2 protein chains.
Amino acid sequence: MLRLSKLTDYATVILSFMAKDNERICAAMEISTVTGIALPTVSKILKALVNAHVLVSTRGTKGGYALATTPENITVATIIIALEGPIAVTECSISQQGCEQAAGCNISGHWNVINRAIYNALESVTLADMIKPQETLIPVASLYRIENHNVSQ
Amino acid sequence: MLRLSKLTDYATVILSFMAKDNERICAAMEISTVTGIALPTVSKILKALVNAHVLVSTRGTKGGYALATTPENITVATIIIALEGPIAVTECSISQQGCEQAAGCNISGHWNVINRAIYNALESVTLADMIKPQETLIPVASLYRIENHNVSQ
DNA sequence: TTTAAATAGGACTAAAATGGTCCTCAATTG
DNA sequence: CAATTGAGGACCATTTTAGTCCTATTTAAA
């Protein structure tokens, strides 16, 4: 189903909450209470987001987490990569050593096209978009097809 | 990583082989030999593709599988849906009952935009594209961004 | 200077999804 | 009627994922 993991889903919920009042420092405990996600799980997610430079953290009493930049500059692609690693639909698109399938696998180039398309779609939606009321987004819902898009002249 | 399953990956390999000489009826055994994928696994995939009307089958001696339509009419989206079910990046985009997260989940509408973008990207590549030599595809690799695409007038 | 509150990092366990195999039945051809 | 091939589904083993917990480390405040 091309599903992303629950942790990534949680991450968007957490970040959406933090983006509503950005600049503010939130403790993991507070986020857990507000979102209803268990504290250890929240911690795990926040740590991953710090490693990916989506959040910055301060330790000690009064410490916590805050957005590293404005919600406009945080894309869905960045969030997904932080939690799940590089966006690639097939195994062979990541490890460059190609697949061991003897005969008919010269299709990896085509997967790369698809990967790029998906990546760009995910890169095009930011955290700021996510916290807008839904109505504003609906007109954008009619969408893209590669064959209609005359990119190569 | 937004990965699709191995079975789906195998399916594209199998279909690429079948598309090279379409119209021809291939037995599961033959496909297994050619692709190097174990027979029971090949069978499982072929059955799923028949259920999704991507392939048609004939039983009995001299039976086997053939494409249900031309490679131009079989999209990557169709193949993925056949093996993995509907394309949806989050759980809540499938089950319409919404998530139980108490507070801040009014972002499902935004996921739908992303789902549509991904779906359309996958719908835009056909089996016929997949069996073309890679070179022809590379110019298309510069890609799409929602914000540049003035769809709603 | 001590204490409490907070994150960092990683190990570990349990649960769920996936991959892969196998068995029995049904259909078709020679 | 026998051989070949697909249909359908049950099943197990493995891998992945989710979730928890423990032990530092850092910082602010008492």
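In this text the structure is predicted, and so the values were computed from the model without any measurement.
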Upstream residue (5' side of DNA chain D) when A:Pro40 and A:Lys62 are each assigned their closest nucleotide:
A:Pro40
Going by atom types only, do A:Thr126 and A:Glu72 share a side-chain donor-acceptor pair under 3.5 Å?
no
Heavy atoms only, 4.0 Å cut-off, all strands: where does A:Leu39 land among base, sugar-phosphate and nothing?
nothing
Kindly write out the residues that satisfy side chain to side chain donor-acceptor pair (under 3.5 Å) with B:Asn73, not counting sequence neighbours, or none if the list is empty.
B:Thr69, B:Thr70
Kindly indicate, with the supporting measurements, whether the criterion side chain to side chain contact (heavy atoms under 4.5 Å, CB included) is fulfilled by B:Phe17 and B:Glu30.
CA-CA 11 Å; B:Phe17 165 70; B:Glu30 178 196 352; 3.8 Å; yes
Heavy-atom nearest pair, A:Ala11 first then A:Leu49, reads CB-CD1, 4.4 Å
Rounded to whole angstroms, how far apart are NZ on B:Lys6 and P on D:dT14?
13 Å
Atom-to-atom span, CZ of B:Arg3 to C1' of D:dT17 - whole angstrom
14 Å
Lys/Arg-Asp/Glu bridge criterion (N-O < 4.0 Å) met for A:Asp9, A:Lys6
no
Closest contact, heavy atoms only, B:Ser124 versus B:Asp129
O-OD2, 3.8 Å
In terms of the nearest nucleotide of DNA chain C, which residue is placed more toward the 5' end: A:Gly63 or B:Ser5?
A:Gly63
What nitrogen or oxygen pairs link the protein and nucleotides 8-12 of chain D at under 3.5 Å?
residue: D:dG8; atom: N7; partner: B:Lys47; partner atom: NZ; Å: 2.8
residue: D:dG8; atom: O6; partner: B:Lys47; partner atom: NZ; Å: 3.1

Which nucleotide of DNA chain C is the first, and which the last, in the 5' to 3' direction, to come under 4.0 Å of a heavy atom belonging to chain B?
C:dG19 to C:dT29
Using a cut-off of strictly less than 4.0 Å, decide whether A:Tyr10 has a side-chain nitrogen or oxygen near OP1 or OP2 of D:dA18.
no
Interatomic distance, B:Ile45 CD1 vs D:dG6 P [rounded to whole Å]
14 Å
Using a 4.0 Å heavy-atom cut-off across all strands, classify B:Ser43 as base, sugar-phosphate, or nothing.
nothing
B:Glu84 and B:Ser5: which non-hydrogen atoms are nearest, and at how many Å?
OE2-N, 3.0 Å
Only residue of A:Leu55, A:Leu67, A:Asn22 satisfying side chain to side chain contact (heavy atoms under 4.5 Å, CB included) with A:Ile74 is A:Leu67
Please give, in whole Å, the distance from D:dT20 P to A:Leu7 CG?
11 Å
Any donor-acceptor N/O pair, A:Ser16 side chain to A:Thr12 backbone, under 3.5 Å
yes
